[in-house]
Visitor: 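Please see the structure below; I have some questions.
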Amino acid sequence: MDYRQYIAKKLNVEGVAAEDIVLPPNSDMGDYALPCFKLAKIFKKSPAIIAEELKNSFKTDNIISKVSAVNGYLNFSLNKTNLSYGVLNEILNLGKNYGSSDEGKGKTVCIDYSSVNIAKPFHIGHLSTTVLGGALYKLYKFLGYNVVGINHLGDYGTQFGKLICAYKHWGNKEEIEKGGIHAINELYVRFNTQADEEMEREAREYFRLIENGDKEANETFEWFKSLTLKYVQGIYEKLGIKFDSYAGERFYTDKMQPVIDELKEKHLLKESEGAQVVDLEPYGMPPCLILRSDGASLYATRDLAAATYRKNHYNFYKNLYVVAYQQNLHFKQVFKVLELMGKEWAKDCVHVAFGMVSLEDGAMSTRKGKVVWLEDVINKCVEKAYEVICDKNPDLDNKGSIAEKVGIGAVIFGALYNNKIKDIVFSYDKVLSFEGETSVYVQYTAARANSVLSKSGLNITVPQNYEPNEQEAEVIKELAVFPEVLKEAADKYEPCYVSRFAVSLAQKFNKFYIECKILTAEGAAKDFRLALTYATLQTIKNALAILGIEVPEKM
Ligand code: ARG
């Protein structure tokens with residue numbers, strides 16, 4: 001149930017909507033509050049008087065049991081008995097679907113994420129786009145949207161001519177097959193450091209051959225591509241990431257001309273130093289390059305074609321690009337050009353920008369020669385998780401598979417805990433701590449709940465008319481807001497709302513766990529506490545599943 005909406009409706013005051021109802025800083029003040037400051041202007045009365053008057057006219061019921069007016073705020077307290085009964089039953093009934101909705105029914109969201117570059121390292125800089133996109137993908141699905149995950153492969157450009165040239169000179173089939181993406185990348189780096197004029201010329205020729213559909217050049221290119229994809233797909237599998245389309249930049253080769261023609265027709269193309277550009281000066285941006293003076297297309301040209309294709313093909317409701325903030329200008333330009341072309345759907349294109357990830361030891365993600373491969377980060381985290389688990393619980397069975405879930409979860413959670421725009425410094429010790437705001441802490445809480453439940457051996461039933469104590473009520477309130485949290489996370493493209501929710505729920509549950517007996521409680525209290533434990537475990541599982549993190553039964 002959406003309590004904000006409920007309160008706003010019941011208040012029935014003009015200008016007050018669900019969004020105006022806030023969560024008070026501490027729960028002594030109630031569960032929800034309406035700040036009356038904004039209303040002061042409208043009603044020409046002081047906020048304190050407005051709050052007092054609204055309090056007097058508000059009729060409490062079996063959902064809102066108390067209202068109070070304090071310092072210009074109108075505070076609402078939920079009826080915890082009814083709330084508990086409702087929420088616990090809802091979770092019991094819905095199970096893994098608790099929090100899901102059908103708000104997205106009939107709407108399609110395209111999500112462009114991870115978008116790897118063929119033959120280039122898949123490094124820690126790709127972590128955020130991959131797990132953020134993956135989480136948004138699962139989140140929108142959970143909310144009933146039709147979701148299309150797109151890996152807009154970087155598979156276009158002169159570098160592939162260089163690569164083929166390097167392969168012809170120095171490469172060897174068996175070595176490449178064996179070394180995969182690492183070997184391919186070495187060839188590329190070698191070309192960039194050792195190629196002479198003659199090789200540069202050859203490389204341009206190979207690129208031309210690829211472009212002109214030469215069989216051998218294309219086969220070699222496709223081979224590099226398949227090796228790269230095989231490699232990244234191994235990582236996607238570990239991270240629980242899926243794509244519905246791998247239509248990369250090359251896919252748009254024959255789809256750019258119509259866009260260029262349309263730009264011309266609409267008098268948007270201008271010549272500038274031999275190149276064709278769209279002038280964006282009136283909008284305070286540099287021109288958007290469409291064709292270079294040699295007639296070659298650019299990254300933006302392919303993105304214009306891709307956006308158009310996505311609209312025509314998927315008829316998206318929203319078209320998201322999960323790409324680092326370094327490309328802010330690029331997307332602003334592309335969206336502006338679409339708008340100038342008269343595409344009303346340009347407003348539905350969103351750049352979901354995020355900050356950089358670096359490692360604690362200062363090794364930056366992309367600096368030359370100092371590439372940190374994402375695979376190595378994942379492996380190291382799993383290894384460390386194994387050590388941590390051995391340390392904490394040496395008698396545990398299946399330590400290997402638990403370490404996988406814990407280690408991979410920590411990598412994902414580490415990238416999804418902060419607002420996405422923030423730069424993150426990744427620290428193995430921090431993300432693997434049992435105590436901080438980590439996935440490990442949440443998973444451990446779930447394992448704790450699981451252990452209580454397996455010892456109880458009881459069927460779960462929710463007692464009626466049970467009045468929860470303070471710790472219980474705190475857990476209940478947290479459980480109750482999960483559906484709202486998901487909606488907000490989707491609206492703001494912020495999976496961190498979900499990770500923060502999971503930590504907060506775990507904290508509240510642990511407080512309850514420490515303060516209240518569960519298995520040794522009696523009667524209704526025992527039933528209630530077991531139901532609460534069950535509901536917490538289920539909700540943690542649901543939240544972590546959206547982030548792509550599994551919950552081990554034991555830890
Ligand atoms: N491959 C690009 C890069 O690594 C990201 C592509 C993002 N998607 C897009 N449609 N431009 O920078």
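The chain is numbered in sequence order, starting from 1. As the structure lists them, so they are numbered: ligands from 1, and atoms in each ligand from 1. Model, not experiment: these values are computed from the prediction.
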Visitor: Heavy-atom contacts under 4.0 Å between Leu153 and ligand 1: side chain, backbone, both, or neither?
Guide: neither

Visitor: Side-chain donor-acceptor pairs under 3.5 Å in residues 215-225, sequence neighbours left out?
Guide:
residue : atom : partner : partner atom : Å
Lys215  : NZ   : Glu219  : OE2          : 3.3
Glu216  : OE2  : Lys168  : NZ           : 2.4
Asn218  : OD1  : Arg250  : NH2          : 3.2
Asn218  : ND2  : Ile210  : O            : 3.2
Asn218  : ND2  : Asp214  : O            : 2.9
Thr220  : OG1  : Glu216  : O            : 2.9
Trp223  : NE1  : Glu177  : OE2          : 2.8

Visitor: Nearest to atom 5 (C) of ligand 1, what protein heavy atom do you find, and at what distance?
Guide: Tyr299 OH, 3.6 Å

Visitor: Kindly confirm or rule out a cation-pi arrangement of Lys162 over Phe191, judged by NZ or CZ under 6.0 Å from the six-membered ring centre and within 45° of its axis?
Guide: no

Visitor: Does the residue Gln327 have a heavy-atom contact with ligand 1, meaning some pair of atoms that are separated by less than 4.0 Å?
Guide: yes

Visitor: Could you say whether the N/O atoms of Asp112 and ligand 1 ever approach to under 3.5 Å?
Guide: yes

Visitor: Under a 3.5 Å distance rule, please check whether Glu494 uses its side chain to pair with a backbone N or O of Lys420 as donor and acceptor.
Guide: yes

Visitor: State whether the shortest distance between N or O atoms of Asp303 and N or O atoms of ligand 1 falls below 3.5 angstrom.
Guide: yes

Visitor: For Phe243 together with Tyr236, are the ring centres under 6.0 Å from each other?
Guide: yes

Visitor: Answer side chain, backbone, both or neither: which part of Phe331 comes under 4.0 Å from ligand 1, heavy atoms only.
Guide: side chain

Visitor: By salt bridge (Lys or Arg N to Asp or Glu O under 4.0 Å), which residues pair with Lys332, not counting sequence neighbours?
Guide: none

Visitor: Just to confirm my output: which protein heavy-atom neighbour is closest to atom 1 (N) of ligand 1, and how far is it?
Guide: Asn117 OD1, 2.8 Å

